[in-house]
Chemist: 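Pasting a structure here, questions to come.
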Amino acid sequence: MSKTILVTGAGRGLGRTLAERLSARGDTVIAHARSESALAGVPHAKSLVADLAEPGSLADAVAAAGIERLDALVHNAGVLNVNSVEDETLEWWQRTLAVNVVAVAELTRLLLPALRAARGHVVFLNSGAGLNAAPKLASYAASKHALKAIADALRAEERGNGLRVTSLYPSHFDTDMQRGLRDQYDSDYDPARAMSPESVAAQITAVLDAPADMVVNDLRSEPPNPLPISPKS
């Protein structure tokens with residue numbers, strides 16, 4: 001049976017790959033991006049256009065999309081900046097927490113009626129940084145630890161309404177964010193030693209397809225031989 005699934009950050013990277021995979025198998029994809037033009041070439045039935053850095057704009061965007069029933073919400077969008085606690089700017093703290101935490105909580109809140117109507121599933125794309133904070137990733141790791149807290153609280157609160165909540169912790173997969181992370185660390189990068197977006201999208205799809213009598217609460221994955229973050233040779 002086909003599902004209606006909203007994917008945030010669907011304009012590129014993992015979000016685009018997931019939208020393509022879901023659409024190809026017959027699901028109805030609602031694709032989120034900051035602009036309609038960012039969704040060019042992305043297969044989708046409906047769009048949700050909003051800047052997650054401005055969580056206050058989400059209510060109007062959700063109302064305009066007219067989503068009455070939603071089988072799954074996949075929180076994929078996010079931002080990252082590499083800097084020490086000493087040097088991280090207030091602007092980046094505010095942007096990171098707005099996009100990675102506040103907008104996620106607000107979008108989830110706004111879509112709860114539609115999710116409850118379908119006894120739906122909320123998937124949070126977290127990170128290894130949501131379990132262990134590395135040097136120079138304070139703002140990002142803090143946002144991902146907060147994301148875990150949102151997921152855990154939501155799971156406990158909405159269990160009686162039939163909602164399933166999953167946190168995924170994929171590490172080292174080949175995206176622009178991973179390349180940007182390596183660049184900011186001045187570190188070597190080898191995509192052959194990273195998971196592919198297709199593999200992570202397959203994992204998400206498998207979680208969404210879990211039998212009705214079970215839920216995957218937390219799942220961590222990484223490539224067999226990830227390349228450590230270290231200065232370029």
Chemist: Leu18 and Thr205: which non-hydrogen atoms are nearest, and at how many Å?
Modeler: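 Heavy atoms of Leu18 and Thr205 come nearest at CD1-OG1, 3.9 Å.
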Chemist: Checking the side chain of Arg69 only, and the main-chain atoms of Ala117 only, is there a donor and an acceptor separated by less than 3.5 Å?
Modeler: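 Yes.
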Chemist: Could you measure the distance from the CG atom of Leu14 to the CD atom of Glu198? Nearest 0.5 Å is fine.
Modeler: 9.0 Å
Chemist: Side-chain contact, heavy-atom cut-off 4.5 Å: Lys136 with Asn83?
Modeler: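 They are not in contact (no side-chain heavy atoms under 4.5 Å apart), so the answer is no.
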Chemist: In Å, rounded to the nearest 0.5 Å, how long is the span from NE2 of His145 to CD1 of Ile150?
Modeler: 13.5 Å
Chemist: CG of Asp51 to OG of Ser35: how many Å apart, nearest 0.5 Å?
Modeler: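 The CG atom of Asp51 sits 10.0 Å away from the OG atom of Ser35.
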Chemist: After noting the C-alpha distance and the side-chain angles of Val122 and His75, does the key distance pass the side-chain contact (heavy atoms from CB on, under 4.5 Å) rule?
Modeler: CA-CA 8 Å; Val122 184; His75 287 292; 3.8 Å; yes
Chemist: State, to 0.1 Å, how close Leu6 and Leu70 come at their nearest heavy-atom pair, and which atoms those are.
Modeler: N-CD1, 3.8 Å
Chemist: Give every donor-acceptor pair under 3.5 Å between a side-chain atom in residues 126-134 and any protein atom, sequence neighbours left out.
Modeler:
from	atom 1	to	atom 2	distance (Å)
Asn126	ND2	Lys144	O	3.0
Ser127	OG	Ala129	N	3.0

Chemist: Any chance CZ of Arg34 has more than 12 other-residue heavy atoms, nucleotides or ligands included, within less than 6.0 Å?
Modeler: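 Check fails, neighbour count at 12 or below.
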Chemist: Given Phe124 and Val165, is the side-chain contact (heavy atoms from CB on, under 4.5 Å) satisfied, shown in steps?
Modeler: CA-CA 8 Å; Phe124 295 86; Val165 177; 3.6 Å; yes
Chemist: Salt bridge (Lys or Arg N to Asp or Glu O under 4.0 Å), that's the test. Do Asp218 and Arg220 meet it? Break it down for me.
Modeler: CA-CA 7 Å; Asp218 298 276; Arg220 187 174 185 181; over 6 Å; no
Chemist: Distance-only criterion, 3.5 Å: show the donor-acceptor pairs between side-chain atoms of residues 39-46 and protein atoms not counting sequence neighbours.
Modeler:
from	atom 1	to	atom 2	distance (Å)
His44	ND1	Val42	O	2.6
Lys46	NZ	Ala65	O	3.0

Chemist: Show your working on salt bridge (Lys or Arg N to Asp or Glu O under 4.0 Å) between Glu158 and Arg116 and close with a plain yes or no.
Modeler: CA-CA 9 Å; Glu158 294 296 326; Arg116 289 168 178 158; 2.7 Å; yes
Chemist: Identify the two heavy atoms, one from Pro197 and one from Thr17, that lie closest to each other, and give their separation to 0.1 Å.
Modeler: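 Closest heavy-atom pair between Pro197 and Thr17: CB-OG1, 3.8 Å.
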Chemist: Which value, rounded to the nearest 0.5 Å, describes the distance between Leu125 atom CG and Ile204 atom CD1?
Modeler: 4.5 Å
Chemist: Please confirm whether the backbone N or O of Met195 pairs with a side-chain atom of Ser199, one donor and one acceptor, at under 3.5 Å?
Modeler: no
Chemist: For the side chain of Ser23 and the backbone of Glu20, is there at least one donor-acceptor N/O pair under 3.5 Å apart?
Modeler: no
Chemist: Assess, by modelled atom type and distance only, whether the side chains of Asn161 and Arg119 contain a donor and an acceptor separated by less than 3.5 Å.
Modeler: no
Chemist: For Thr4 and Asp27, what are the C-alpha separation, side-chain angles and deciding distance, and is it a side-chain contact (heavy atoms from CB on, under 4.5 Å)?
Modeler: CA-CA 6 Å; Thr4 299; Asp27 290 324; over 6 Å; no
Chemist: How far does CG of Leu110 sit from CG of Leu112, to the nearest 0.5 angstrom?
Modeler: 8.5 Å
Chemist: State, without any angle test, whether His32 and Ser47 hold a side-chain donor-acceptor pair at a distance under 3.5 Å.
Modeler: no
Chemist: Under a 4.0 Å N-O cut-off, is there an ion pair linking Asp209 with Arg25?
Modeler: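 Here Asp209 pairs with Arg25 in a salt bridge, since their nearest N and O are under 4.0 Å apart.
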Chemist: With rounding to the nearest 0.5 angstrom, report the OG1 to CD1 distance, Thr8 to Ile30.
Modeler: 12.5 Å
Chemist: For Glu54, does its backbone N or O pair with a side-chain atom of Ser57 as donor and acceptor, under 3.5 Å?
Modeler: yes
Chemist: Is there a side-chain contact (heavy atoms from CB on, under 4.5 Å) between Val123 and Leu168? Walk through the geometry before answering.
Modeler: CA-CA 7 Å; Val123 176; Leu168 299 179; 3.9 Å; yes
